[in-house]
Asks: 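Here you go, one structure.
A, B, ... follow the sequence lines: proteins, then strands. Residue 1 opens every chain. The analysis underlying the following values was restricted to heavy atoms, covering all of them including side chains, and did not include hydrogens, waters or symmetry mates.
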Protein chains: 2
Amino acid sequence: MAYSYKYPRPALTTDCVVFGLDDTDLKILLIQRDQPPFAGEWALPGGFVQMEESLETAARRELEEETGLNKLFLEQLYTFGEPGRDPRDRVVTVAYYALVNLQEHAIQAATDARAAQWFPVAELPALAFDHDRIIHTALKRLQGKVRYEPIGFELLPTKFTLSQLQKLYEKILAQPLDKRNFRKKILSMNLLIDLGELQQDVAHRAARLYQFDPQKYQTLKQQGFNFEI
Amino acid sequence: MAYSYKYPRPALTTDCVVFGLDDTDLKILLIQRDQPPFAGEWALPGGFVQMEESLETAARRELEEETGLNKLFLEQLYTFGEPGRDPRDRVVTVAYYALVNLQEHAIQAATDARAAQWFPVAELPALAFDHDRIIHTALKRLQGKVRYEPIGFELLPTKFTLSQLQKLYEKILAQPLDKRNFRKKILSMNLLIDLGELQQDVAHRAARLYQFDPQKYQTLKQQGFNFEI
DNA sequence: TCAAAAGTGTTGATATTACACCCATGC
DNA sequence: GCATGGGTGTAATATCAACACTTTTGA
């Protein structure tokens, strides 16, 4: 049954834009290439889709192989297939983006010993292929989506403060938000569980810790509720 | 240079969900298959991506070959690549969706003599492959996008009345809208040019004709304006 | 006691919703 | 003259934006 269609076929890969957030920056995880083309340059984690795996499975497998990260929030972004985007051959790539919280997921040395490193989105190095364009598309998608879906929580630890959440939105949307209005809005949605716990070891008044309630969100969504920041 | 990557490759196709609007319904254009698998069933227009053409070019080429339609609004939707979605072989398809106004674009007999026919979205026939899933995804995308981008105008003739526009939104969003509030909102955006002309040959008071002003939209958008219905 | 961030309400402006009647036209 | 859709305004309500001070804690 294989190869019923006797036409030349483009090669098919997946690439993944992994976003992480730390105290100072929104960051993207890149891999240093050790093979031509673009040897020594930085690129998105990714690789070839195997014949028996789905596209998303391929994206997750490559991510784990190259960075040790797994069980991330992962969503298809866009498919890039201009002839000439790979100098050797026609290669079509299905791009994904992922969100990870840096506190709870440390990246491992890649199994094939290639360097993996986080870069602030404002300080990206030169990138292989059209990966700058893919990252640009992913940033736009993240900015659009974070306002209408509660995906921002994927970038935070399970327990977080309202200030952490506000800073997350300020960094992604690149605009300041009013503290009181932000708290009013987010708390009025009733999507956060007040854990009754406080931050530890901070050199100022400790903030309350909250947790996102995905089940509550599903329930409200079915009743016509729309998340919006 | 071709075939630098010596791995088995999935076949790559594009498929296109073409939406059209007439007086009564939102419709989708389907092609009747004359070859197995799924011979006799209905399917989305589409076909194989050639090695030297971009994905969008492939989608437009297939559309024109199979339906005669060209120069449509066309946007990438999603890439479907589950193993098993084609019974013969691993086939990954990059799906697009298109918007066309039925008044100004008649479909032609397909060059390869396959039947092309419009179906109301509520009365779709049995579909080949996973095309029902692709259509479902396209409908959701259209419903989401039409509220935040002025793409609905692509489904109307150049000159249209406010009632036509309102009915368009009511059909796509599947909810009634208040006439006075709708008019207030849409006119307050200043995106419509009042042509100073009236409908002809209607058996009631003739309505004013309007035209969407894409340049105005671009200008406003750059100033931070957000279209929203 | 100082620095640093947490936490908290009110007000005016703006936007949204609900709602009903007269108008123009062709038949 | 009647059926059909075109066209119009207002009032009540809800939402949004702007804004400053007190509290808590550890160093």
Asks: For B/Leu187 and A/Lys184, find the nucleotide of DNA chain D closest to each by heavy atoms; which residue's nucleotide sits nearer the 5' end?
Replies: B/Leu187

Asks: Any side-chain N or O of B/Arg183 below 4.0 angstrom from OP1/OP2 of D/dG7?
Replies: yes

Asks: Checking ring-ring contact (aromatic ring centres under 6.0 Å, His included) between A/Trp42 and each of A/Phe129, A/Trp118, A/Phe119, which is the one that passes?
Replies: A/Phe119

Asks: Within a reach of under 6.0 Å around CD of A/Gln218, are more than 12 heavy atoms found that belong to other residues, nucleotides or ligands?
Replies: yes

Asks: For B/Phe160 and B/Phe153, I'd like to know if the aromatic rings sit close, meaning centre-to-centre distance below 6.0 Å.
Replies: yes

Asks: Using a heavy-atom cut-off of under 4.0 Å over every strand shown, decide if B/Asp201 touches base, sugar-phosphate, or nothing.
Replies: nothing

Asks: Whole-Å distance between D/dG5 P and B/Lys179 NZ?
Replies: 10 Å

Asks: Taking atom NE2 of A/His204 as the centre, report whether more than 12 heavy atoms of other residues, nucleotides or ligands fall under 6.0 Å from it.
Replies: yes

Asks: Look at B/Ser163 and D/dG6 and indicate whether a side-chain polar atom (N or O) is within less than 4.0 Å of OP1 or OP2.
Replies: yes

Asks: What is the distance, to the nearest angstrom, from the CZ atom on B/Arg205 to the P atom on D/dG6?
Replies: 9 Å

Asks: Please report the distance, rounded to the nearest Å, between CD in B/Gln164 and P in D/dG7.
Replies: 11 Å

Asks: Rounded at 0.5 Å granularity, tell me how far CG in A/Leu30 sits from CD1 in A/Ile135.
Replies: 5.5 Å

Asks: Just the rounded figure in Å: distance from C1' of D/dT15 to CZ of A/Phe182.
Replies: 17 Å

Asks: Looking at D/dT15, does its base get a donor-acceptor pair with the side chain of A/Lys185 below 3.5 Å?
Replies: no

Asks: Using the ring centroid of each side chain, check whether B/Phe225 and B/Phe227 are separated by less than 6.0 Å.
Replies: no

Asks: Starting from C1' on D/dC16, measure out to CD on A/Glu228 and report it in whole angstrom.
Replies: 12 Å

Asks: Is the side chain of A/Lys27 donor-acceptor paired with the backbone N or O of A/Asp22 at a distance under 3.5 Å, no angle test?
Replies: no

Asks: Could you please name the option among D/dC19, D/dT4, D/dG7 that lies closest to any side-chain atom of A/Asn181?
Replies: D/dC19

Asks: For DNA chain C, note the earliest and the latest nucleotide, 5' to 3', having some atom under 4.0 Å of a heavy atom belonging to chain A.
Replies: C/dA4 to C/dT10

Asks: Could you tell me how far apart B/Glu197 (CD) and D/dG6 (C1') are, to the nearest whole angstrom?
Replies: 17 Å

Asks: I need the CG-P distance between B/Asp23 and D/dT4, as an integer number of Å.
Replies: 16 Å

Asks: In whole Å, I'd like the distance from the NZ atom of B/Lys167 to the C1' atom of D/dT4.
Replies: 11 Å

